[in-house]
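Below is one structure, written out as structure tokens, with a few remarks after it.
Numbering of ligands and ligand atoms starts at 1, following listing order.
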Amino acid sequence: MKYLIVGGVAGGATTAARLRRLDEECEIIIFEKGEYISYANCGLPYYIGGTIEERDKLFVQTPESFGTRFKTEVRTMNEVTSIDRVNREVTVKNIRSGDSYTETYDKLILSPGAEPVRPPLPGINQDGIFTLRNVPDTDRIKKFIEERRPKHAVVIGAGFIGLEMAENLHQCGVNVTIVEMADQVMTPLDYSMAALVHQHLKTKNVEFFLKTAVSSFDRENERIVVKLNSSKTIKTDLVILSIGVRPDSRLAREAGLAIGETGGIVVNEFMQTTDANIYALGDAIEFTNPVTGTKMITYLAGPANKQGRIVADNIVRGNVKHYHGSINTAIAKVFDVTVAATGVSGKQLKKLNIPHISSITHSSSHAGYYPGALPMSIKITFSPGDGRLLGAQIVGYKGVDKRIDLFAEAIRRGSTVHDLAEIEHAYAPPFSSAKDPVNIAGMVAENILDGTTKIVSWRALADNVPDDDYLIDVRTRDEFELGTIEGAVNIPLDEIRNHLNEIPAGRKLVVFCGVGLRAHVACRILTQSGFSEVYNLSGGYKTYETANQKQGNEDIFEHNYIGKDDNIYHGSQEKAPAPFPEAGKIKEVNACGLQCPGPVLKLKQSIDQISDGEAVRIKASDAGFYNDVRAWANITGHELLDLTQDGGEITAVVRKNKPQILNSSARGGDGTTLVCFSDDLDKAIATLIIANGAASTGKKVSIFFTFWGLDVIKRRKKPAVEKDIFGRLFGLMMPASSRNLGLSKMNMAGIGSRMMRRVMKKRNVDSLEGMLQTAIDSGIELIACQMSMDVLGIKAEELIDGVKIGGVATYLERTESANLNLFV
Ligand code: FAD
């Protein structure tokens, strides 16, 4: 028998090896259009980052070693260009010589993989913009980094590979900005889980823009100018396009094989295409998702390798093995956190109208009392009727891999949450807890299913707490002080039995604590005391707070400068770092293993025990501590001298300052903020005059353009954008750009504004457009109000370059550091 294989990496090489192990006599030829076969795609980002030091380690086999071991002819740099199914022969182009030839087959195996998406954006083909798919791509990126020593890179697309690249570039000493079109990174995750990753990326000083697309690329000297759809531009040295991949099904399509709705090659349960003599596998095929019953493609090495074995067995032994599909089990290291998912996410189930319940639990990687326990957040989705497990996601530090594999196997076997509660696991304190996080996820889900607990999701409270809800925060008073959900009353768990009379009967009670455990106890007390509508906030305040925080991390490199030593520094060159207290005056505190707000409370107690000027060095493992300690130092007036995170352990050094009362003016800086609400020409000019004047005195100035004020920053020549009927109507009724603004008084159908412009020109006063340019040049921040844009149907592309889109939180944040706030 003669077998031809197209593609010599994950699927192709595995199939060839198994074929040979089953049939010593057959003839096997692998065609690979690239130079290499059987290499570790998954290791490429880590070779770029330097974790894998030797390039040779990427190659599992060379064409020669593979050929010898498996008696296989490996033809690299040979591309199969067409398939003649009638005569069972392929046409092959030898890329080195340019010659074409044909080769016949008894069975043909297609494992051509996927190709990266490279959208036709203006300027995308210039030097310094890369995709990463194979070894030559890797060599090009590595060489670019070694020769050009980039200081900054933009990674477009925040999928698993995009984030791995972000981490590895960061490891090379490159500042990284990620641009992602979705409102979250890693789309297989649900938003609340991705929010944990966002907060972690912030601690690593990775800049990222969410809900933002790249519209074009330009060049300014040596640098690439990345233009975003928000009108912002980023100047960078290197761009990695990681927008996604699509199945490489061209060959199959042209040969008349069936291609599915997802673009993948259609195969039956034996992995045969619509031609019985042609099998296909890997990234290029479409199959049925065993959980949802819908068609899907998976771009993962595990399935490709396992399919290779099935294909070889079916070819040699005659269709003896069924392929049961994959459930997209994936894992990635994102700096210090491990992110994993399997099965179907909540948002995907919602999209497919599949009834489901979601539950979030926060556990520890092992027993909290044994040193080194780190947090682990788990979200599972399951069927409301029988409790069948549909999906699981985990964000944590240690032990995520073994838990996700348990969930994956449970899903594949059709297990229920009751099975999860009973899963037997090996336990000793360094490895797990007597109830493993997987058991806990199952037990909580069981409680939901059998009605022991009713839950609400953080989303139910995200925008507005419904009027009828009565929120009870059962954490301690100290925890409550540090932050809670607006409107919540604080009744600590251990006091709740004494306050039952004060809790309104007949209202819906939403109870919450840090992660959901204390609230569960409180819910049980309340339910058994006669309250009927009692709900636990799933995932507790931790999930609510993480998901409701600002998710993006924009403009963090704005004030960076390159020092004399060629390193990148943040802030003003003149400002010296605050000195540490001398040795012996720093109290060492270990708060590892404590969940939020334990570390902050421990910090407070420790600070209370030292004298002014002395410091506390505190180590914590709770991820939220990174932000909490900053906020706490701000609120209390103590000084945060250092804050680092390494492998899930956060270390902060806080110096005790004399007690001080921080009033608003003391807290405010010397910045200036202006709200431009009006599109009257005179008011717009006044706004710009004040702003430019303030900027000239060295103040940090921000102008927030809201409602009619947006007309001031509209482009004159706007690109065509899609609008709904209201957007189009508003567009017709409102001034097209700053050139069409009228005066607030004596406009006289536009005569007044034209007169005003003429007089200004005569008196050598800059025009409104000139003032806007001056504002941009002098670093004034122009913020367009997102909400007003949505209401008026104004798109980011219609605004002038240099405008940032922001919400009211952005504006309020700026007012915090300003002592002059004006509304025009
Ligand atoms: P590939 O392994 O891509 O092999 C296809 C080969 O076919 C290519 O070498 C191509 O040159 C060749 N070919 C295509 N057309 C022709 C033709 N007409 N003639 C001759 N040759 C042809 N997966 C994970 O599970 N975990 C990870 O951590 C992970 N990390 C990754 C990191 C990176 C940077 C990349 C690029 C991928 C990663 N993957 C990961 C995905 C994984 O590598 C793929 O899912 C897997 O390699 C798919 O196997 P395949 O055989 O279908 O395709």
Please list, in number order, the atoms of ligand 1 under 4.0 Å from a heavy atom of R133. 3 (O), 36 (C)
I'd like the name of whichever of S111, A114, A280, G8 reaches closest to atom 50 (P) of ligand 1 through any heavy atom. S111
Against the six-membered ring of Y279, is K107 placed for a cation-pi contact (under 6.0 Å from the centre, within 45° of the normal)? no
For ligand 1, find out whether one of its N or O atoms is nearer than 3.5 Å to an N or O atom of Y39. no
List ligand 1 atoms under 4.0 Å from G7, heavy atoms only on the residue side. 6 (C), 7 (O), 12 (C), 21 (N)
Ranked by distance from atom 24 (C) of ligand 1, the top protein heavy atom is A301 N, 3.4 Å
So does K71 have more than 12 non-hydrogen atoms from other groups sitting under 6.0 Å from NZ? yes
For the atom pair NZ (K57) and OG1 (T51), what is the distance rounded to the nearest 0.5 Å? 13.0 Å
Ranking C42, S82, P136 by closest non-hydrogen atom to atom 26 (N) of ligand 1, top hit is C42
One should read off an interatomic distance between K93 NZ and F31 CZ, to the nearest 0.5 angstrom, of 15.5 Å
Should the proximity of V6 to ligand 1, defined as any heavy atom under 4.0 Å, be assigned to the side chain, the backbone, both, or neither? side chain
Where ligand 1 meets G282 - atom numbers and elements under 4.0 angstrom, heavy-atom basis: 52 (O)
Separation between CZ of R133 and OG1 of T138, rounded to the nearest 0.5 Å: 11.0 Å
Which residue owns the protein heavy atom closest to atom 47 (O) of ligand 1, what's the atom, and how far is it? N41 ND2, 3.2 Å
Do F382 and H356 have ring centres separated by under 6.0 Å? no
Looking at ligand 1, does any of its N/O atoms fall within less than 3.5 Å of an N/O of E164? no
Sequence neighbours excluded and cut-off under 3.5 Å, please list the side-chain donor-acceptor pairs for residues 3-15, or say none.
| from | atom 1 | to | atom 2 | distance (Å) |
| --- | --- | --- | --- | --- |
| T14 | OG1 | A10 | O | 2.5 |
| T14 | OG1 | N305 | OD1 | 2.9 |
| T15 | OG1 | G11 | O | 2.7 |

Go through the steps to decide whether Y323 and N314 satisfy the test side chain to side chain contact (heavy atoms under 4.5 Å, CB included), and finish with yes or no. CA-CA 10 Å; Y323 180 58; N314 285 343; over 6 Å; no
So which heavy atom in the protein is nearest atom 41 (C) of ligand 1, and how far is it from that ligand atom? Y299 O, 3.7 Å
Is the closest heavy atom of I331 to ligand 1 under 4.0 Å? no
Numbered in order shown, the ligand 1 atoms found under 4.0 Å of a heavy atom of N78 are 20 (C)
Rounded to the nearest 0.5 Å, what separates atom CG in D106 from atom CZ in R88? 6.0 Å
Can you spot which of R223, H152, K151 makes a side-chain hydrogen bond (donor to acceptor under 3.5 Å, both in side chains) with T236? H152
Could you tell me, atom by atom, which parts of ligand 1 come under 4.0 Å of a heavy atom of E79? 17 (C), 18 (N), 19 (N), 20 (C)
Quick one: which of I161, I156, T131, L169 gives a side-chain contact (heavy atoms from CB on, under 4.5 Å) with I240? L169
Can you sort out which atoms of ligand 1 are near L132, meaning under 4.0 Å from one of its heavy atoms? 34 (C), 36 (C)
Quick check: A304 and ligand 1, any N/O pair under 3.5 Å apart? no
Between the CG atom in L108 and the OG1 atom in T273, the distance rounded to the nearest 0.5 Å is 8.0 Å
Between T298 and N328, do the side chains contain a donor N or O and an acceptor N or O under 3.5 Å apart? yes
Distance from atom 49 (O) of ligand 1 to nearest protein heavy atom, with residue and atom: A10 CB, 3.2 Å
For ligand 1, is any non-hydrogen atom under 4.0 Å from I161's backbone (N, CA, C, O), its side chain (CB onward), both, or neither? side chain
Heavy-atom contacts with F31 under 4.0 Å: which atoms of ligand 1 show up? List them by number with element. 20 (C), 21 (N)
Which residue owns the protein heavy atom closest to atom 10 (C) of ligand 1, what's the atom, and how far is it? E32 OE2, 3.5 Å
Taking 4.0 Å as the limit for heavy-atom contacts, which would you say applies to I37 with ligand 1: side chain only, backbone only, both, or neither? neither
Parallel, tilted or perpendicular for F70 and F66, by the 30°/60° rule? tilted
Taking distance alone, with N or O pairs closer than 3.5 Å, would you say V80 contacts ligand 1? yes
Nearest 0.5 Å, what's the CZ-CZ distance between R18 and R309? 3.5 Å
Give me the nearest non-hydrogen protein atom to atom 52 (O) of ligand 1 as residue plus atom name, then the distance to 0.1 Å. D283 N, 2.8 Å
Specify the protein heavy atom at minimum distance from atom 14 (C) of ligand 1: its residue, its atom name, and the distance to 0.1 Å. P112 O, 3.2 Å
To which protein heavy atom is atom 4 (O) of ligand 1 closest, and what is the distance rounded to 0.1 Å? V9 CB, 3.4 Å
